[in-house]
Amino acid sequence: ELVVLTLNLHYLADFPKDPAVAKRRLSEITSSPRPDLVCVQEGLEGVDLLGQLGYSKLISSAVKAQSLREMLYDDEDSL
């Protein structure tokens, strides 16, 4: 059975500032059942929170991300 977790980090706005508390909270979230795959939304590029729990980043949208304006107005077919 594949276990997938989606996690919206809100650009860390609501994230604990104390690193020990943050790690403990992430450990709680990912402990039971332990996800095989974690999909992160609104994370910060260069901030690897899940690496400390044994996860590896496979891909990041940072190199491909577009604003909503670019997606809509730079694509004639969307208009």
**Study point:** Flag if over 12 foreign heavy atoms under 6.0 Å of NZ, K57
**Key:** yes

Check your understanding: Honestly curious: do V21 and L26 fall in one hydrophobic cluster under the side-chain, below-4.5 Å linking rule?
Key -> no

Review point. Does V3 share a hydrophobic cluster with Y55, counting links as ILVMFWY side-chain heavy atoms below 4.5 Å and allowing steps through other members?
Key: no

Study note, to complete from the structure: Heavy atoms of Q52 and K23 approach each other most closely as OE1-CD, 3.6 Å

Study note, to complete from the structure: Note: T30 and P35 closest approach over all heavy atoms is O-CD, 3.3 Å

Exercise for review: Supply the atom-to-atom distance L53 CG to R34 CZ, rounded to the nearest 0.5 angstrom.
Suggested key: 6.5 Å

Check your understanding: To the nearest 0.5 Å, how far apart are SG in C39 and CG in L5?
Key -> 8.0 Å

**Study point:** Residues that R24 engages under side-chain hydrogen bond (donor to acceptor under 3.5 Å, both in side chains), provided they are two or more places apart
**Key:** none

Review point. Taking ILVMFWY side chains as joined if any heavy atoms are under 4.5 angstrom apart, and letting links pass through other members, which residues group with L2?
Key: V4, L37

